[in-house]
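Notes to accompany the following structure.
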Amino acid sequence: MDEFKVIEIKKSIFEGNDRKAEELREDLKKRGVFLMNLMSSPGSGKTTTVMRTIEALKDDFRIGVMEADIDSDVDAKTVSTSGAKVIQLHTGGMCHLDATMTEQGLTSLGTEDLDFVVLENIGNLICTADFDTGSAMNTMILSVPEGDDKPLKYPNMFAMVDVLIINKMDAAEFFDFDLEAVKERVFKLNPDIKVFPVSAKTGEGISEWTMYLKNEVKNWKEI
Amino acid sequence: MHELGIVMNIAGTVLDVMKEQNLTTVQKIVLQVGELSSVIPSYLHECYPAAVDGTELADTVLEIEVIPGNARCKECGEVYNLLKQKRICPSCGVDNWDLVSGKEFNLKEIAAC
């Protein structure tokens, strides 16, 4: 039997996913599909925010939603009432989506007739930050009851997203939530981040967010 | 728990290398995992057998080197371990640093023939 020799490889394991994500992003760009990866803790109001967003943009774009969940179709059922095209991605025990799973999801959703797709990632602020899904925009929702110190606890997530939506602003006074303190902490981690304080329940702040998003989708499709 | 998906990726990469370099048997796979990466070495070890079951890698040994999460203080230049010191520089007491190491997650080498 031959002797074993040591072969140096020195390859980042995330590299495979990064490459796959880049390919997917290019492909979506060519086809004029804007993919938004939406991340948050469980219970931050992701689905309600998605509903509001669809309502505001449904006359401008053809919208699709991929609901990633460990095991249920509660959210997908809710979102399907908005008129958007919806599929449920069951991830089993997985706590994040990677580029390959996202691509499989897009294939089963069918993107030929879509301009804008929301990927509702799994409710988790830790490893979803490490895996590029191939999206054009990474957005996270922080909700007021989670506290204004969350950027200190999960710095990776706040450092990698393009947009931060601060939801449940209607409850700010009950939770001692300091919006300025959050902004200061977030800008220290990520100077280019866009911050939108909203209440998906009352609709406050939603038009600022959706106007920004509308422009981003248009730019993606045109340039 | 995301280690299983990750380990499947690693196995895929190793199988590619085997093909590229015409290797027939892999005896050992060595990974480098940073203390600050979102991967837990003991979980990798646990799900490794399931990931390689039935593949050419079924009998390989998985070895993991842990890389410390170190930072260099921007004030005084001291290099220290972020986790042990709770991010605060032990020499000047300031929490202002550049990361030196600890986010790695690499396939370092394999022993094969």
Side-chain angles (χ1 to χ4, degrees), chain A residues 1-21 39 68 70-71 89-105 121-133 149 151-160 184-185 188-189, chain B residues 1-18 20-34 36-40 43-44 47 50-51 59-61 63-65 67 69 82 86-87 95-97 99 102-113:
Chain A
M1 193 170 155
D2 295 342
E3 230 166 83
F4 290 112
K5 58 182 182 209
V6 171
I7 300 160
E8 259 206 43
I9 301 178
K10 277 279 177 198
K11 222 178 192 175
S12 166
I13 290 155
F14 292 130
E15 201 182 277
N17 185 60
D18 289 349
R19 202 173 35 231
K20 179 87 214 168
M39 295 164 287
I70 302 285
D71 182 29
L89 305 177
H90 277 166
T91 57
M94 286 292 275
C95 50
H96 66 264
L97 289 173
D98 63 19
T100 307
M101 292 185 260
T102 305
E103 190 181 40
Q104 286 165 357
N121 213 317
I122 295 163
N124 162 2
L125 294 181
I126 306 169
C127 48
T128 48
D130 282 338
F131 292 85
D132 191 342
T133 57
D149 55 356
L152 304 175
K153 295 180 185 166
Y154 301 92
N156 284 354
M157 175 58 77
F158 288 87
M160 66 77 74
E184 196 186 305
R185 286 165 186 159
K188 196 180 164 195
L189 292 164
Chain B
M1 174 64 174
H2 56 198
E3 275 75 4
L4 182 60
I6 293 172
V7 170
M8 306 279 273
N9 270 331
I10 298 169
T13 309
V14 173
L15 291 171
D16 286 347
V17 172
M18 284 178 77
E20 273 165 30
Q21 308 204 11
N22 281 325
L23 303 166
T24 53
T25 318
V26 175
Q27 181 232 350
K28 186 169 79 173
I29 296 176
V30 184
L31 306 181
Q32 291 176 317
V33 178
L36 307 174
S37 74
S38 60
V39 184
I40 317 228
Y43 289 175
L44 288 177
C47 59
D59 295 320
T60 52
V61 176
E63 200 175 287
I64 299 177
E65 293 177 9
I67 301 194
L82 286 170
K86 302 202 164 98
R87 305 209 314 239
D95 177 10
N96 187 12
W97 39 267
L99 193 68
K103 297 282 277 181
E104 298 79 0
F105 185 32
N106 298 324
L107 175 57
K108 185 190 174 197
E109 61 194 28
I110 60 176
C113 63

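First the proteins, then the strands, lettered A, B, ... as listed; each starts at 1.
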Heavy-atom distance under 4.5 Å between the side chains of [X] and [Y], does that happen here?
| X | Y | value |
| --- | --- | --- |
| B/Ile110 | B/Leu23 | yes |
| B/Leu44 | B/Val39 | yes |
| B/Leu82 | B/Trp97 | yes |

* Asked: Measuring heavy-atom distances to chain A, does B/Glu104 have an atom under 4.5 Å in its side chain, in its backbone, in both, or in neither?
  -> neither

* Residue selection (most heavy-atom pairs with chain A, distance under 4.5 Å) from B/Gln27, B/Gln32, B/Gln21, B/Lys28 ->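 Top count of heavy-atom pairs under 4.5 Å with chain A: B/Gln27.
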
* Asked: What residue in A/Thr100, A/Ile7, A/Asn156 has the most heavy-atom pairs under 4.5 Å with chain B?
  ->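 Highest number of pairs under 4.5 Å: A/Ile7.
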
* How are the rings of A/Phe131 and A/His96 set to each other: parallel, tilted or perpendicular (split at 30° and 60°)? -> parallel

* Asked: What part of A/Asn17 is in contact with chain B, defined as an atom under 4.5 angstrom from a non-hydrogen atom: side chain, backbone, both or neither?
  -> neither

